[in-house]
J.: 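Could you have a look at this structure, given as structure tokens, before my questions?
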Amino acid sequence: MVPKSSVRWESNHAEPRTGMVELNMVELNKDQLNAEQRAAVEHGEGPLLIVAGAGTGKTHVIVERVGYLLRTAPGLEPENILALTFARKAAEEMRRRAGEYFGERALGCRFSTFHAFCYDLLREEIPLRALDKIDQWIFFRRHLEELELDYYLKVSEPGRFLHDLVDFCSRCHDNLVSPVQYSQYVEKLAAEVAQLAKQGRPPGKDAEQEIARLREHARVYERSETLQKQEYLLSFGAMISMAVSRLNESPQLLRQLQQRYAYILVDEFQDTNAAQWELLKLLAGKRRNVTVVGDDYQAIYRFRGASDGSLEQFRKKDFPTCERKVLNQNYRSTKSILNVAHAVARKLDSYKEDKRLVTKKKDQGCTVEVWEFPDAGQQSEFVAQEIARQIQAGEAKAYSDFAVLYRAHRYRNRLVEALRRREVPFAIRNLAIDNLPPVRDMVACLRAIGRPEDSVSLARVLAGPRWEMEASLLWEGCRLARERQCSLREVVEDSGWGGQWPGKAKLLGFLSRYQKLSREQRLLSWFPLLRQELDLFGLKEEGDDTALGAFTDFVIQWDQEKSTAGLLGEFLEYFGYFEEAGGRISLPDEDDPAPTGAASLGESRQGTLWDQSAEAESLGKVQLMTVHGAKGLEFENVFVLHLLRRAFPTSNRRPLISLPDALWKGSLLEGDFHIEEERRLFYVALTRARSTLTLCTVSNKRQQPSRFLDELRNDQLRDEQLREDKDGGSEIDWKKLSAPTEPVLQALRQEDTIRQPPFSQIERWTGAMAAPPAGSLTLSASGLDTYRQCPRKYQYSYVCRLPVSPSPALLFGSIMHRAVRELVSRLAAGRDASNDASRNASKKAGGDAGREVQQPETVEAILDQHWSSAGFTDPHQESKYKEMGREQLAGLKKALEGQPFQLLHQEKGFQFSVKAKQGGGTKLLGRIDQINQLAGQDVELIEYKTGRAQTQKEADRSLQLTLYALACREVLGLKPLSLVLYNLTTQEGFRTTRGPDDFKELQGQIRQVSRDILAGKFPALPGYHCRYCDFRPICPAYEDSRQGDAVPG
DNA sequence: TACTGCGTAATTTTT
DNA sequence: TTACGCAGTA
């Protein structure tokens, strides 16, 4: 892994750099252009396509061409040059270099991203505000009712499909499909379907449903666009498409721009989408002085709308007269690395022989290594160990010479732990700070102030040392709140409670002081004060400032750009949606100017998470980032982590709502385009390395190496056999770590003991609640289920008894249970005595009472009688639920009408004990919805479900049903011959049975769970269910430990 | 060649 | 919760 000779290009960097990663080719002096580069730079008029492979000086050529044009084009002023790219940083970097090479005059050129260019263009006319994806989600969520969702509405989770809808709209913009055009497309289809029906070929229900679904897309797109326009909001996609519209509508403006921008240059052209492409053609006008630079192999952004084959299209379709220049002299990587990269490129559809990269480095460089590990833990340990070793041995000079790349952020966590253990400094690009303890403390504090009913957040706050509360008192308060069915806050405010608690007055004063402020003043006016006060709590640790600074910026931005009155309540609503939409707050880069008034608030973002001595500082930090994040960067030594099946390449996930082919501009996606894109991503990863490249993978029973590695190995074998093309084969050293090395073993041994992230105080307090008093354990079916899903959730809910407000879905369920009970009892009564089943039914309907029960007014009346709005916060959601309730009740009635039944019990409570082998027993509690008599002691149990329709399999496996059947036999002395799980959503009942073996198994499970509970075993079992868990604000599984610093630059 | 059932894992990001 | 890939079957 040691470079045989350390070829260093950065002669102007005598000292090791600290963290700062330069874009490639900075090192080349402007006069050092090779022949191809020079030809590209000195191209005259007309369209020019520069196909520039990785490390061939792409950006350098653009900047040089800007300089060349300024020097040579007669009468050309800087403002006549427009240089466009995609990332803000890339645009800034171009501008910086142009200034550096050609002086101040060059700064007069326009260096911009496509988005910024369009945004500015549109804002010249109307003041607009940009909406990112998350904010667009929130916008949709707030206007849910106006969108009139039907197919895409899930009542229990109204935001469920909003990302899909937002993505769909965005794809329309990318392809310049307007709401009208989409609607026309749908109506044309609808007409065709209708035509078929006329011809006596009924299209079937599927087609009708499909049309309805498409119409819903059209409606959402049209409505959301109208609403956004009304509020002067602009999504990313709309920036481009609206700019194109504006240019089309205003020939004068277009002419003006065409005259102004005599030369247009585009970097990373392979990432353009149809809309950007159209914009470019418009701006280029008749002069067509467009220079585009790109590399098909590095097109990795099709998932966000970039069209396929932009470079080919440029040449073949729109600018057939263009000149094509290929840059293939690579200044970055060793020959070994390029050989491996070539082996990958060769497999691409867009492969072109003339693009083959040729290294300018003189020696071969060291062999590329592929390491296979028995598990992911050892993989991370190895990488961390290897980096530490190379620094210690002097094989590498600085930590900042290392980069570790991964496909997705989540593969980073283990590595972070491993690096930290070895005290290797590292920096993470795009680090989200949302789940860091100080930020969570702050959010909990804001919620405790603004939402008195939020007991979970208050509990987190109360655990802070400042309030001098004992853990036992907190849990006593929680238990009391549950008993009184009130919030923790109400208990705390009760003057008769907590007399022995010294900090009580201080806490109440604190809460009421900020509550008053929060109702009267903008959040921003008192937020710094709160932050300062929290600093005094004694919880502050190193690095907290950095994270809290980023959160402060987030609040500032919200206040200045997104809020109306700026009050806390509005912020909490916004933030709740922000979290639900999956929003992340990232650390800002240190070289960015503070976007808002952070400095004026006395903030500092300079704090680092690592207290480094000056000596350590000079070694920089290992760079951790995703492969996407690494595009455009280069590093001396690159590790690529986790090259596994299903991890890299990932498995394909196509969008839920796709734009029809007929509306897709640009070439259609053909073949296995997902694998193609992943392969290009792999290519990008490989070509980041200058001297050493190490690929890591894992192989065991469940995990297998990536197919990309298989391909490399097969290629190598084939080449060795053929020996025809000495340079063609990838020379890779395949290594396998079968037995962990001693340092790795040591580290793994340490893992359990050291891995104690600085969780919030409440985590320690929860430990005090470990064991409930022995011998008095009571379990319900839901308690049992909860423990099995996540023991920690059980602890919060049943042991600590933290009060939580029931979710709308739960409220609906309990209302429906009561309503169903009434309906069933009326139906049963109606059958027995066919007179007064319904007082509300009109007499005019006449006939027997059984029919009277079917009158819709009765359903309405029953539902109204049991409905309570308490707990529903969203009126639209409530009315949707009520609508569902009506349908479900009506459906049930209809279903029951056809099936006579003998009602024996309703809501029948039970209680019995399961004896433990030693010590006391466990008391089981529950209530059975309905018991019908079949014959004699034979009965049928019915359990109603209002949520997602359960399946036969779920009925067969349901613990709840087993428990009820057992109770039925043990307590009621009845024989449960049949158990029915009845779905009110589908009016489908699944019938199942339980036998002695099932009861035995259940009792065994109950004993096991009881033992674990009494032993205080409450590990958190994180999973998808965390999304819906009330205890997220205090759960350690949801809390990141502090991580590395943000990458500057 | 489809279908069905189970186990596993849930991207990447532009002002 | 859901959707995909893989293995086993009609």
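Bear in mind the structure is a predicted one, so any value in this text is a computation, not a measurement. Below, chain A is the first sequence line, B the second, and so on; all start at residue 1.
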J.: Angle class for the His628(A)/Phe303(A) ring planes (parallel below 30°, perpendicular above 60°, tilted otherwise)?
T.: perpendicular

J.: Arg948(A) has a side chain; which of dT15(B), dT2(C), dC4(C) sits nearest to it?
T.: dT2(C)

J.: Tyr1024(A) near the nucleic acid: base, sugar-phosphate alone, or nothing, with a heavy-atom cut-off under 4.0 Å?
T.: base

J.: Considering only dT2(C), dT15(B), dT12(B), which nucleotide approaches the side chain of Ala408(A) most closely?
T.: dT12(B)

J.: Using only heavy-atom distances, decide whether a donor-acceptor pair under 3.5 angstrom links the side-chain of Arg407(A) to the base of dT11(B).
T.: yes

J.: Whole-Å distance between dT11(B) C1' and Arg429(A) CZ?
T.: 18 Å

J.: Using 4.0 Å as the upper bound for N to carboxylate O, is an ion pair formed by Glu225(A) and Lys229(A)?
T.: no

J.: Please classify the nucleic acid contact of Arg1027(A) as base, sugar-phosphate, or nothing, using heavy-atom distances under 4.0 Å.
T.: nothing

J.: Do you know which of Phe161(A), Phe140(A), Phe168(A) makes ring-ring contact (aromatic ring centres under 6.0 Å, His included) with Tyr152(A)?
T.: Phe161(A)

J.: How close or far is atom C1' of dT1(C) from atom CG of Leu656(A), stated in whole angstroms?
T.: 13 Å

J.: So which nucleotide from dT15(B), dG5(C), dT13(B) ends up closest to the side chain of His409(A)?
T.: dT13(B)

J.: Is there side-chain contact between Thr552(A) and Phe554(A), with at least one heavy-atom pair below 4.5 Å?
T.: no

J.: Using whole Å, what does the distance between atom P of nucleotide dA9(B) and atom NE2 of His1025(A) come to?
T.: 15 Å

J.: Using atom CD1 of Ile675(A) as one end and atom C1' of dG5(C) as the other, report the distance to the nearest whole Å.
T.: 12 Å

J.: What is the distance, to the nearest angstrom, from the OH atom on Tyr683(A) to the C1' atom on dT12(B)?
T.: 20 Å

J.: Ignoring backbone atoms, test whether Asn430(A) places a side-chain nitrogen or oxygen under 4.0 Å from the OP1 or OP2 oxygen of dT13(B).
T.: yes

J.: How many whole angstroms separate atom CG of Leu84(A) from atom P of dT15(B)?
T.: 12 Å

J.: By a 5.5 angstrom centroid cut-off and a 30 degree plane limit, is there stacking between Phe303(A) and dT12(B)?
T.: yes

J.: What nucleotide, of dT13(B), dT2(C), dT14(B), holds the atom closest to the side chain of Arg160(A)?
T.: dT2(C)

J.: Assign Thr626(A) to base, sugar-phosphate, or nothing according to its heavy-atom contacts below 4.0 angstrom with the strands shown.
T.: sugar-phosphate

J.: Output, in order, the C-alpha distance, side-chain angles, deciding distance and verdict of salt bridge (Lys or Arg N to Asp or Glu O under 4.0 Å) for Glu678(A) and Arg407(A).
T.: CA-CA 10 Å; Glu678(A) 293 287 312; Arg407(A) 176 66 246 267; 2.7 Å; yes

J.: Students often get this wrong, so: under 4.0 angstrom with heavy atoms, is Phe114(A) touching a base, only sugar-phosphate, or nothing?
T.: nothing

J.: Which sits closer to the 5' end of DNA chain C, Glu157(A) or Arg653(A), going by the nucleotide each is nearest to?
T.: Glu157(A)

J.: When the nearest nucleotide of DNA chain C is assigned to Asn652(A) and to Glu954(A) on a heavy-atom basis, which residue is associated with the more 5' position?
T.: Glu954(A)

J.: Say you pick atom P in dT1(C) and the same atom in dT12(B); how far apart are they, in whole Å?
T.: 24 Å

J.: Do Gln276(A) and Lys281(A) pass the side chain to side chain donor-acceptor pair (under 3.5 Å) test, and can you show the C-alpha distance, the side-chain angles, and the key distance before you say yes or no?
T.: CA-CA 9 Å; Gln276(A) 287 156 339; Lys281(A) 280 193 284 184; over 6 Å; no

J.: Between dT11(B) and dC4(C), how far apart are the P atoms? Round to whole Å, please.
T.: 13 Å

J.: Could you state the atom-to-atom distance from CD of Gln950(A) to C1' of dT1(C) in whole Å?
T.: 12 Å

J.: Looking at every non-hydrogen atom in both residues, tell me the closest pair between Ala306(A) and Asp271(A) and how far apart they are.
T.: CB-O, 3.3 Å

J.: Examine the side chains of Asp295(A) and Gln298(A) and answer whether a donor and an acceptor come within less than 3.5 Å of each other.
T.: yes

J.: If you look at every strand shown and take non-hydrogen atoms under 4.0 Å, does Asp132(A) touch a base, only sugar-phosphate, or nothing?
T.: base

J.: Would you tabulate the pairs of protein nitrogen or oxygen atoms and nucleotide nitrogen or oxygen atoms of nucleotides 3-8 of chain B closer than 3.5 angstrom?
T.:
residue, atom, partner, partner atom, Å
dC6(B), OP2, Lys953(A), NZ, 2.6
dT8(B), OP1, Arg702(A), NH2, 3.1

J.: Among dT15(B), dT13(B), dC4(C), which nucleotide has an atom closest to any side-chain atom of Arg654(A)?
T.: dC4(C)

J.: Whole Å only: how far is the CZ atom of Phe161(A) from the C1' atom of dT2(C)?
T.: 10 Å

J.: If the condition is side chain to side chain contact (heavy atoms under 4.5 Å, CB included), which residues does Asp434(A) pass it with, not counting sequence neighbours?
T.: Ala432(A), Phe578(A), Arg584(A), Ile585(A)

